[in-house]
Amino acid sequence: MSYKNFNIDIDKDGIALVTWDMPERSVNVVDAVAAAEFVALIEQFKTDAQIKGVVLTSAKQVFCAGLDLQMLKHEGGELADSSTKEEDKIKSTFDSVQRMTKFLRALETCGKPIVAALNGLALGGGLEIALACHYRVVVNDPRLKLGLPEVTIGLLPGAGGTQRLPRLIGVEKALPMLLQGKSIDPQTALKLGLVNKMVSADKLIDEAKHWLREEGNPVQAWDEKTFRVSGGKPTQTGEQLFAMGNAMLRAKTKGNYPAPHYIMSCVYEGVSVPIDAGLRIESRYFAKLFLRPESKNMVNSLFINMQALGKGARRPQHVPPSKIAKLGVLGAGMMGAAIAHVSARAGMKIVLLDSELKLAEKGKAHVAAQVDRAIERGRANESQKQILLDSIQPTSDYADLKECDLIIEAVFEDKSIKAEVVKQAEAQFTKETETVFGTNTSTIPITELAQASIRPDKFIGVHFFSPVERMQLVEIIISKTTSEETLAKTMDYVAALRKVPIIVNDSRGFYTSRCVSTYITEGQLMLMEGIDPVLIENLGIMAGMPMPPLALNDEVALDLSYKIYQQYKADLGEKFTATAASDLIENMVVKHKRLGKKNGKGFYDWPSDPKGVKKLWHGLADIAPVTKRIDDIDIEELKRRLLYIQTIEMVRCVDENVITDLRDADIGAILGWGFAPFTGGPASFIDMIGIERFVAEADELAEKYGERFAPPPLLRDLASKQTPFLQALNKN
């Protein structure tokens, strides 16, 4: 029998080498066709007397990346949005996930021993397939990752992961993998007992076949009558572990993320009963979780849309692909050095330029220090460090930029300074030169900066986020003069860095800076209203933000906020209106010299020791005395203020055509400044609340706190028509 996605080679010993190789994909995934072929394969294993054992491996560098994106989109869209009753939705989802569960159960009970020969990454459903095999051999390669990341997109492993993993390695070891969703390397997997053997790549198949010839037990441990879960059943010995775990989860998730609690329930209930009953318990919890709005939104944003944007969904398709071989970086400070670092890591040659050679060399030294830290953690070696540093040329001579394919300016957030470096860099080129010029400004309109350029069609905003090495997002800002070729080339550069781009049109503050500033400012206004700063910071976390507003402002830098206000004042003139928040920042920076985390003094006193604990500055009591008692405060209203103000600014960005694709709105918010991920982003959040309710509550806030909460006309119009925000505006 022949298969589209699998090749079978049966040797003289009756061992079938099954190689997974999806012809139209770069990685193997479980899609509808592959799932159907798996069922047929299992039947062949079971009935073909010639087959004595099976080795399942991959022809690609990835064993299996999990469930197919489009299958999940179909389930999340058509099942969750159907007009059927809730119990019917749950049953339909249960039946769907049970199909995957049953074919993996059929695999491990087919009567023939199965070995998973893992030569590449195995995540989610890919690892669940491996867990259903009777033996696992993995290649000794630290880049190879194994894991169950479903919790990070609001789901739980639905193909046996919550049942087989704790039975295999014990509940105590399994829970961190399930609840954190972190991937592990082969060495760690071997120590945990997740895999049975680790070998070099050239010995992988031989080792798998050796086990089949010498042992080849076709029965899983949990199907043996004498099987006992390592550490005992939770109902017998694990009550304390689960009680503590639930308390810790509550403290961490603030009740915003249901997936971890569902996972705990799956494990607690499931491993106390036989495996088949446990798998049904898992499927029931998966079905309930899958239909919750948090899960639906997280899947749609953090899985489907983020992958689509990361793969260039918004790139001009008619423009041929390009490669950035040589990159110029203007400004060798923390941001410029970090951009040079990630670009060199992607294989580019770097010209790192500053006003003085010693400053450029200092930037290169910063890169070296970063690589040294990676070496200490086992993520790099000395050879890789040398190759990377050899690719970075520090300089103060603009003539060294002549052969660059792309230049990124990362100097101070000052329009005149930026204009000067643009002129000096472009003096090396003619109007016909194809080199693209990108500016890393976070607030100054690209159109204004492009006035200093002799080639405004090749001028674009490339806004990185700090720390660049860890932050996935790049905000690309296009002006009215930016060409599609320039956009495509910039997106090719971002793709080479393996980061996720969003595209926004030009405006002051663009998208991310505009929205995050409203969150920070709202925290400052609460402070000036007499609310305890400790409460303000806790409210930010309770609302689902990864960092509270005052601490976030310290991280960004208070003097940067002050410089931005000053630039606004200079640009807007009489139209600029000071607020309690802008006055607060001026007081902090000018009078008290508190610049934020960078000088250890902001809203917090920051310890010099990275392991130390930051503490709110006692002087805040003099600047903003606490006048409101906790009994007089509506906690839920304050949480709404923090989320609604950001969401309303997002709608304004849509209304002003700054945002033209709601995928950019949601992904940019979550990856850029951490907008409560459980909501799926601010655009999804509106529909999660309900557009009519959102507008009504925003009106209440506007009446009480000011026009900044007034719903934009676009939102009010959609609410009057009872039209969901995403449905009305999303083009996808």
Side-chain angles (χ1 to χ4, degrees), residues 413 441-444 463 465-467 471 473 475 507-529 531-569 576-590 592 594-599 601-604 606 614 616-617 620 623-624 638-650 652-653 668-677 681-682 685 701 705-706 708-709:
E413 193 73 357
T441 179
S442 58
T443 58
I444 304 172
H463 179 202
F465 295 78
S466 185
M471 295 294 278
L473 186 73
E475 184 179 28
S507 81
R508 184 170 298 280
F510 320 127
Y511 171 58
T512 57
S513 295
R514 276 180 62 169
C515 292
V516 72
S517 67
T518 64
Y519 171 61
I520 291 171
T521 300
E522 201 62 29
Q524 294 167 355
L525 292 173
M526 288 179 179
L527 183 68
M528 300 307 288
E529 289 168 16
I531 298 173
D532 191 326
V534 174
L535 177 59
I536 294 169
E537 297 295 80
N538 279 317
L539 284 169
I541 300 299
M542 289 167 63
M545 300 295 291
M547 189 172 289
L550 303 180
L552 180 57
N553 202 177
D554 274 2
E555 290 274 0
V556 172
L558 302 190
D559 63 327
L560 177 59
S561 297
Y562 176 69
K563 288 174 185 175
I564 291 171
Y565 278 131
Q566 294 304 105
Q567 187 71 60
Y568 280 7
K569 190 182 296 185
F576 178 81
T577 303
T579 65
S582 64
D583 290 344
L584 170 64
I585 289 297
E586 185 168 353
N587 192 355
M588 294 283 284
V589 173
V590 177
H592 295 283
R594 300 189 72 84
L595 310 183
K597 185 178 180 180
K598 64 196 232 177
N599 80 331
K601 296 184 292 183
F603 289 106
Y604 287 81
W606 293 82
K614 68 181 185 295
L616 280 161
W617 177 43
L620 284 179
I623 295 176
L638 293 181
K639 285 165 59 179
R640 277 198 300 277
R641 283 176 63 179
L642 292 173
L643 292 184
Y644 277 41
I645 196 67
Q646 301 174 68
T647 304
I648 289 166
E649 189 64 23
M650 177 276 299
R652 291 193 184 103
C653 287
I670 294 173
L671 297 186
W673 72 89
F675 185 90
F685 177 58
L701 292 173
Y705 297 103
R708 66 185 182 275
F709 285 103

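Values in this document were obtained by computation on a predicted structure and should not be read as measured data. Worth knowing before you read on, the calculation uses all heavy atoms, side chains too, and leaves out hydrogens, waters and symmetry mates.
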Run the numbers on F675 and Y519 for side-chain contact (heavy atoms from CB on, under 4.5 Å), then give the verdict. CA-CA 10 Å; F675 185 90; Y519 171 61; over 6 Å; no
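- In this structure, the side chains of R514 and M650 stay at 4.5 Å or more apart for every pair of heavy atoms.
- Look at K598 and D559 and you find a salt bridge, because one of the NZ, NE, NH1 or NH2 atoms lies within 4.0 Å of a carboxylate O, short of that distance.
- Looking only at side-chain heavy atoms (C-beta outward), W673 and I520 stay at 4.5 Å or farther from each other.
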So E555 and K614, salt bridge (charged side-chain N to carboxylate O under 4.0 Å, His left out) or not? Walk me through it. CA-CA 12 Å; E555 290 274 0; K614 68 181 185 295; over 6 Å; no
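- Nearest heavy atoms, A580 versus L525: CB-CD2, 3.9 Å.
- When the options N553, D583, T579 are evaluated for a side chain to side chain donor-acceptor pair (under 3.5 Å) with Q524, the one that passes is N553.
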Please assess E522 against Y705 for the test side-chain hydrogen bond (donor to acceptor under 3.5 Å, both in side chains), listing each intermediate value before the final yes or no. CA-CA 10 Å; E522 201 62 29; Y705 297 103; over 6 Å; no
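- No side-chain heavy atom of K639 sits under 4.5 Å from any side-chain heavy atom of M545.
- T512 and E475 share a donor-acceptor pair across their side chains, judged by distance under 3.5 Å alone.
- Side-chain atoms of S513 come within 3.5 Å of backbone atoms of S442 as a donor-acceptor pair (strictly under, hydrogens ignored).
- Ionic pairing of R708 and E649 is not present here: no N-O contact between side-chain nitrogen and carboxylate oxygen is shorter than 4.0 angstrom.
- Counting all heavy atoms, side chain and backbone alike, P533 lies closest to L527 at CB-CD1, 3.7 Å.
- At a threshold of 4.5 Å between non-hydrogen side-chain atoms, the residues I536 and P549 count as touching.
- Between M588 and I623, some side-chain heavy-atom pair lies under the 4.5 Å cut-off.
- Nearest heavy atom pair, residue P546 against residue I541, reads O-CD1, 3.7 Å.
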Chi angles and distances behind the side-chain contact (heavy atoms from CB on, under 4.5 Å) call for L595, Y562: CA-CA 9 Å; L595 310 183; Y562 176 69; over 6 Å; no
Does the side-chain contact (heavy atoms from CB on, under 4.5 Å) test come out yes or no for L550 and D554, once each step is laid out? CA-CA 6 Å; L550 303 180; D554 274 2; over 6 Å; no
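- Atom CD1 of I585 and atom CG of L558 lie 5.0 Å apart (nearest 0.5 Å).
- A donor-acceptor pair under 3.5 Å links the side-chain atoms of T647 to the main chain of L643, judged by distance alone.
- At a threshold of 4.5 Å between non-hydrogen side-chain atoms, the residues W617 and K601 do not count as touching.
- Residues E537 and Y604 bring a donor and an acceptor atom of their side chains to less than 3.5 Å of each other.
- Using a 4.5 Å cut-off on side-chain heavy atoms (C-beta onward), T443 and F510 make no contact.
- You'll find the side chain of E586 stays beyond 4.5 Å of the side chain of Y565, heavy atoms only.
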Would T441 and H463 count as a side-chain contact (heavy atoms from CB on, under 4.5 Å) if you check the C-alpha gap in whole Å, the side-chain angles of each, and the deciding distance to 0.1 Å? CA-CA 6 Å; T441 179; H463 179 202; over 6 Å; no
